[in-house]
Amino acid sequence: MSSATPRIATVSRDTLETQITVTLNLDGSGKSRFDTGIPFLEHMLDQVARHGLIDIDIVARGDLHIDAHHTVEDIGITVGQALARAIGDKKGIRRYGHAYVPLDEALSRVVIDLSGRPGLSYGVTYTRASIGQFDVDLFSEFFHGFVNHSMVTLHIDNLKGVNAHHQAETIFKAFGRALRMAVEIDERMAGQTPSTKGTLTA
């Protein structure tokens, strides 16, 4: 399903630490283009695009000579801002989304509510501190930035896993699937706001 009006947004963020531009198309086909200097994060975000059927374009320049922290966090912030802008008034959407995704021995669950209230429950213990050159602690920073600026409630739980790459990949695949479900247009809602309060802004 897709809405009559294209749900596309472009957001730029420019600080002394990072310069980032993100474009999201919530009614896309899963295409992605990344130029961030952080290959493993790009690999994870490609999972979101492909499994969420969301077109994602991200160009980022950051102080990677220090480390990847600022760039990863600010990409999360900018993706969150782009989602909030693309989703618009939220009328007619499903609002809630959830997914369980396995990869070999690993299994993760992600549940999302486009509630208008930021909140993150992050139940993930990685089996090692880094995947290649990527510090796995930065995934938490990405999701914190995302929820605080998209104004969503997000529960992420890695239920099992031995291989840290598999743990991360199941999380991002499940995130993409849950987000895909939440942003879908429900024709039975007929433009209504999916809330007894009549609003999803606070």
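The figures here come from the full heavy-atom set of this structure, side chains too, leaving out hydrogens, waters and symmetry mates. Start at 1 with the first residue, then count along the sequence. These numbers were taken from a predicted model, which means no experiment stands behind them.
In this structure, Ile66 places its CD1 atom where more than 12 heavy-atom neighbours from other residues, nucleotides or ligands lie under 6.0 Å away. In His98, the NE2 atom is not crowded: 12 or fewer heavy atoms of neighbouring residues, nucleotides or ligands sit closer than 6.0 Å. In Arg50, the CZ atom is not crowded: 12 or fewer heavy atoms of neighbouring residues, nucleotides or ligands sit closer than 6.0 Å. The neighbour count for Tyr100 OH, taken as heavy atoms of other residues, nucleotides or ligands under 6.0 Å away, does not exceed 12.
Atom CZ of Phe139 is separated from atom NE2 of His144 by 15.0 Å, given to the nearest 0.5 angstrom. Here the straight-line distance linking atom CG of Leu16 with atom NE2 of His70 works out to 11.0 Å at 0.5 Å rounding. His149 NE2 to Thr78 OG1: the interatomic distance, rounded to the nearest 0.5 Å, is 8.5 Å. Between Lys173 atom NZ and His51 atom NE2 the span is 4.5 Å, to the nearest 0.5 Å. A distance of 11.5 Å separates CG of Leu24 from OG of Ser32, quoted to the nearest 0.5 Å.
In this structure, Ile8 and Leu26 have side chains that are not in contact, with every pair of non-hydrogen atoms separated by 4.5 Å or more. Contact annotation: the side chain of Glu42 never approaches that of Asp46 to less than 4.5 Å [non-hydrogen atoms, C-beta and beyond]. You'll find the side chain of Val110 reaches within 4.5 Å of the side chain of Leu154, heavy atoms only. Using a 4.5 Å heavy-atom threshold, the side chains of Phe143 and Ile171 count as touching. Looking only at side-chain heavy atoms (C-beta outward), Asn148 and Leu120 stay at 4.5 Å or farther from each other. Counting only heavy atoms from C-beta outward, the side chains of Ile77 and Val79 never approach each other to under 4.5 Å. Contact of the Val22 side chain with the Asp57 side chain is not registered, since no non-hydrogen atoms from C-beta on lie closer than 4.5 Å. Side-chain contact check for Val124 versus Val136: every heavy-atom pair is 4.5 Å or farther apart.
Side-chain heavy atoms closer than 4.5 Å link hydrophobic residues (I, L, V, M, F, W, Y) into clusters, and following such links, even through other members, never connects Val101 to Ile131. Cluster annotation: Val147 is connected to Ile56 through the hydrophobic network of ILVMFWY side chains, with a link wherever side-chain heavy atoms come within less than 4.5 Å. Residues Ile58 and Ile54 share a hydrophobic cluster, clusters being chains of Ile/Leu/Val/Met/Phe/Trp/Tyr side chains in contact below 4.5 Å. Linking Ile, Leu, Val, Met, Phe, Trp and Tyr whenever their side-chain heavy atoms come within less than 4.5 Å leaves Tyr122 and Val111 in two separate clusters. Hydrophobic clustering, with ILVMFWY side chains joined whenever heavy atoms are under 4.5 angstrom apart, keeps Met181 apart from Val152.
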### Query
Given Leu159 and Arg109, is the side chain to side chain contact (heavy atoms under 4.5 Å, CB included) satisfied, shown in steps?
CA-CA 7 Å; Leu159 304 177; Arg109 174 185 62 216; 4.0 Å; yes
### Message
For a side chain to side chain contact (heavy atoms under 4.5 Å, CB included) check, start with the C-alpha distance between Leu138 and His69, then their side-chain angles and the critical distance, and finish with the verdict.
### Response
CA-CA 6 Å; Leu138 297 183; His69 186 286; 3.6 Å; yes
### Query
Would His166 and Glu105 satisfy side chain to side chain donor-acceptor pair (under 3.5 Å), going step by step from the backbone distance to the final call?
CA-CA 8 Å; His166 292 174; Glu105 87 298 343; 2.8 Å; yes
### Query
Should Arg61 and Asp35 be marked as a salt bridge (charged side-chain N to carboxylate O under 4.0 Å, His left out) after you check the CA-CA gap, both sets of side-chain angles, and the distance that decides it?
CA-CA 8 Å; Arg61 297 290 177 266; Asp35 181 7; 2.8 Å; yes
### Query
Which is it for Asp135 and Ser130 under the side chain to side chain donor-acceptor pair (under 3.5 Å) test, yes or no, and what are the steps along the way?
CA-CA 4 Å; Asp135 178 356; Ser130 62; over 6 Å; no
### Task
Would you sort out whether Met151 and Arg117 count as a side chain to side chain contact (heavy atoms under 4.5 Å, CB included), showing the intermediate values?
CA-CA 5 Å; Met151 303 297 283; Arg117 299 181 304 277; 5.8 Å; no
### Query
Do Leu179 and Leu83 pass the side chain to side chain contact (heavy atoms under 4.5 Å, CB included) test, and can you show the C-alpha distance, the side-chain angles, and the key distance before you say yes or no?
CA-CA 10 Å; Leu179 187 57; Leu83 174 65; 4.1 Å; yes
### Task
Under the side chain to side chain donor-acceptor pair (under 3.5 Å) rule, what do Asp74 and Thr18 come out as? Steps first, then yes or no, please.
CA-CA 7 Å; Asp74 286 6; Thr18 62; 2.6 Å; yes
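Judged by distance alone, the side chain of Arg95 and the main-chain N or O of Ala182 form no donor-acceptor pair under 3.5 Å. Between the side chain of Asn158 and the main chain of Tyr126, no donor-acceptor pair closer than 3.5 Å is present. In terms of modelled atom types and a separation under 3.5 Å, the side chain of Ser12 and the main chain of Thr21 share no donor-acceptor contact. Checking side-chain atoms of Asp63 against main-chain N and O of His65 turns up no donor-acceptor pair under 3.5 Å. Arg33 places no side-chain N or O within 3.5 Å of a backbone atom of Val59 that could act as its donor or acceptor partner. A donor-acceptor pair under 3.5 Å links the side-chain atoms of Gln19 to the main chain of Thr15, judged by distance alone. At distances below 3.5 Å, not a single donor-acceptor pair connects side-chain atoms of Gln167 with backbone N or O atoms of Ala106.
Residues Phe146 and Phe175 bring their aromatic ring centres within 6.0 Å. Here His165 and Phe40 bring their ring centres to under 6.0 angstrom of each other.
Nearest heavy-atom pair across Ser115 and Thr153 is OG-OG1, 3.0 Å. Listed here is the closest heavy atom pair of Lys91 and Ile185: O-CD1, 4.3 Å. Taking all atoms of both residues into account, the shortest heavy-atom contact from Lys90 to Gly116 is NZ-N, 3.5 Å. The nearest pair of heavy atoms linking Ile75 to Ile20 is N-CD1, 3.5 Å. Here the shortest heavy-atom pairing between Ser108 and Thr170 reads OG-OG1, 2.7 Å. Contact record, Asp55 with Gly30: OD1-N, 3.0 Å, taken as the closest heavy-atom pair.
Using the six-membered ring where Trp is involved, Phe142 and Phe172 have ring planes that are tilted, between 30° and 60° apart.
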